[in-house]
Amino acid sequence: MSSSKADNVPKLYEAFRGSFDIGAAVNPRTIIRAGDLIAKHYNSLTAENEMKFVSLHPAEDTYTFEGADQIAAFAREHGKKMRGHTLVWHNQTTDWLFQEADGSPVSRDKLFERLKSHIDTVVKRYKEDIYAWDVVNEVIADEGPDLLRPSKWLDIAGPGFIAKAFEYAHEADPKAQLFYNDYNESNPLKRDKIFNLVKSLLEQDVPVHGIGLQAHWNLYSPGLDEIRAAIEKYASLGLRLQLTELDVSVFRHDDLRTDLVRPTGVMLEQQEKRYEELFNLLAEYRNHIDAVTFWGAADDYTWLSDFPVRGRKNWPLLFDGSHEPKGSFWRVIKQTSQTSQT
Ligand code: HAH
């Protein structure tokens with residue numbers, strides 16, 4: 001990176017000091033390839049994959065901490081905060097957890113024993129590094145009347161696994177802030193289900209402290225009014241809020257085109273306007289929002305290139321493929337200098 005160029009670029013997280021932390025999801029490759037950019041602009045890190053069940057605990061007697069440890073060491077070296085992601089999820093979890101050695105399903109009690117042992121080991125290992133955990137990820141059903149999505153967790157343990165996960169995490173690190181995290185969080189139907197789930201956990205005195213709005217958004221949706229309504233509804237529970245996985249896809253949800261090798265000028269302009277509006281809204285709610293974490297650091301690597309459309313590149317973040325600030329970065333920064341002058 002040319003340092004003369006870099007010197008003219010203000011640090012993203014410093015622009016939001018006093019409002020919320022600015023985080024990025026990272027992995028062992030990006031902390032090397034984009035290490036300077038990450039160290040400069042973000043003051044909080046989340047492991048994109050390395051702290052998920054399958055990454056940490058591939059077999060009952062095997063923990064693989066190398067990738068997660070590298071990220072924690074990078075965070076320590078650069079004085080960054082860390083969020084933990086994620087303890088209970090229906091994806092990226094290994095089959096052994098739900099099975100006996102002969103392949104038959106485990107009992108409910110044995111599943112809870114294994115869950116407790118996993119949470120204890122992982123949460124205690126990173127106690128000094130991680131201040132907040134996504135304890136339960138994505139258990140709500142997107143569509144239809146059912147509250148919870150089908151999963152092995154639900155099949156074997158019934159809905160009680162959710163409260164148990166929070167209780168085990170709280171026992172392992174009583175100081176950690178514990179989050180329920182989900183996507184499509186601003187969709188009114190799913191929003192109300194998330195609200196009802198978390199409300200019922202609170203009524204049972206389950207230790208849940210925050211709601212993570214994943215915020216995998218695009219240029220067109222969700223609408224600002226829907227995002228605002230979601231923030232207000234979640235905040236009405238008296239919990240802390242974070243945007244945990246923000247990105248702004250340049251494609252509509254049902255747009256399947258794979259021909260673009262770079263974003264069009266129109267897309268970039270729309271993205272600038274969208275990011276400016278989003279951060280204006282987030283700034284309004286800074287008393288409720290503690291951190292805004294992007295699901296990546298720069299457009300050269302994002303999970304959205306190839307997902308959900310194979311062979312389609314995407315450009316959802318504030319820095320381009322060469323780690324230079326995009327127009328969207330300057331719009332987000334400009335907005336903070338205006339609010340701090342008033
Ligand atoms: C998130 N799911 C996950 O929380 C995160 O761990 C992963 O790296 C990327 C996105 C969002 C999602 C999904 O995985 C599948 C369908 C819809 C949304």
Side-chain angles (χ1 to χ4, degrees), residues 23-31 34 38 42 44-57 67-68 71 82-94 118 122 126 130 132-144 148-153 162 165 169 178-187 189-191 193-194 197-198 210-218 220-222 227 230 241-249 251-256 291-310 312-317:
V26 302
N27 63 49
R29 287 174 310 281
T30 59
I31 57 174
I38 292 164
Y42 301 96
S44 173
L45 305 180
T46 306
E48 183 189 11
N49 290 301
E50 289 65 24
M51 293 188 183
K52 292 173 181 171
F53 204 106
V54 69
S55 308
L56 287 178
H57 202 170
I71 294 168
M82 263 196 113
R83 307 187 76 257
H85 177 79
T86 177
L87 297 171
V88 167
W89 194 23
H90 61 282
N91 267 334
Q92 291 180 258
T93 304
T94 32
H118 175 84
V122 173
Y126 297 108
I130 288 182
W133 271 98
D134 293 330
V135 177
V136 173
N137 199 34
E138 305 180 353
V139 293
I140 297 290
D142 283 296
E143 315 272 347
L148 300 180
R149 78 166 63 237
S151 70
K152 289 190 185 157
W153 288 109
I162 300 168
L178 306 181
F179 280 74
Y180 176 72
N181 192 50
D182 215 326
Y183 67 92
N184 283 350
E185 73 300 311
S186 302
N187 169 287
L189 176 76
K190 194 161 169 194
R191 174 199 71 204
K193 291 193 210 176
I194 294 172
L197 170 73
V198 176
I211 296 183
L213 295 82
Q214 286 188 10
H216 290 296
W217 297 336
N218 65 40
Y220 312 94
S221 79
I227 297 171
L241 305 184
Q242 296 199 13
L243 268 62
T244 52
E245 308 186 14
L246 174 62
D247 40 31
V248 177
S249 165
F251 299 101
R252 270 182 215 280
H253 189 64
D254 56 359
D255 184 342
L256 304 180
V292 174
T293 296
F294 291 85
W295 210 238
D299 284 347
D300 53 329
Y301 171 75
T302 154
W303 76 296
L304 289 175
S305 290
D306 268 347
F307 184 90
V309 178
R310 186 95 69 81
R312 185 182 74 184
K313 175 106 191 73
N314 210 325
W315 302 271
L317 300 165

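Atoms within each ligand, like the ligands themselves, are counted from 1 in listed order.
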Any heavy atom of Gln92 closer to ligand 1 than 4.0 angstrom?
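No, Gln92 has no heavy atoms under 4.0 Å from ligand 1.
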Quick check on contacts: which atoms of ligand 1 are under 4.0 angstrom from a heavy atom of [X]?
X: His85; result: 4 (O), 5 (C), 6 (O)
X: Gln214; result: 1 (C), 2 (N), 4 (O), 11 (C)
X: Lys52; result: 5 (C), 6 (O), 7 (C), 8 (O)
X: Trp89; result: 3 (C), 6 (O)
X: Glu138; result: 1 (C), 2 (N), 3 (C), 4 (O), 11 (C), 12 (C)

Nearest heavy-atom neighbours spanning [X] and [Y]:
X: Val135; Y: Leu87; value: O-CB, 3.5 Å
X: Phe251; Y: Lys313; value: CE1-O, 3.2 Å
X: Gly212; Y: Asn181; value: O-OD1, 3.3 Å

Can you pull out the closest protein heavy atom to [atom]? Residue, atom name and distance to 0.1 Å, please.
atom: atom 10 (C) of ligand 1; value: Glu245 OE1, 3.4 Å
atom: atom 15 (C) of ligand 1; value: Phe307 CZ, 3.8 Å
atom: atom 9 (C) of ligand 1; value: Trp295 NE1, 3.5 Å

Does only the side chain of Asn137 get under 4.0 Å from ligand 1, or the backbone, or both, or neither? Count heavy atoms.
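The side chain, only.
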Can you tell me if Thr93 uses its side chain to pair, donor with acceptor, with the backbone of His90 under 3.5 Å?
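Side chain of Thr93 to backbone of His90: no pair is present.
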Do side-chain atoms of Thr86 reach the backbone of Asp134 as a donor and acceptor pair under 3.5 angstrom?
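Checking the backbone N and O of Asp134 against the side chain of Thr86, a donor-acceptor pair under 3.5 Å is found.
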Only one of Asp299, Leu304, Asn218 passes side-chain contact (heavy atoms from CB on, under 4.5 Å) with Asp247; say which it is.
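In the set Asp299, Leu304, Asn218, the residue that makes a side-chain contact (heavy atoms from CB on, under 4.5 Å) with Asp247 is Leu304.
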Begin with the C-alpha distance, continue with both residues' side-chain angles, and end with the deciding distance and a verdict on side chain to side chain contact (heavy atoms under 4.5 Å, CB included) for Lys52 and Asn91.
CA-CA 9 Å; Lys52 292 173 181 171; Asn91 267 334; over 6 Å; no
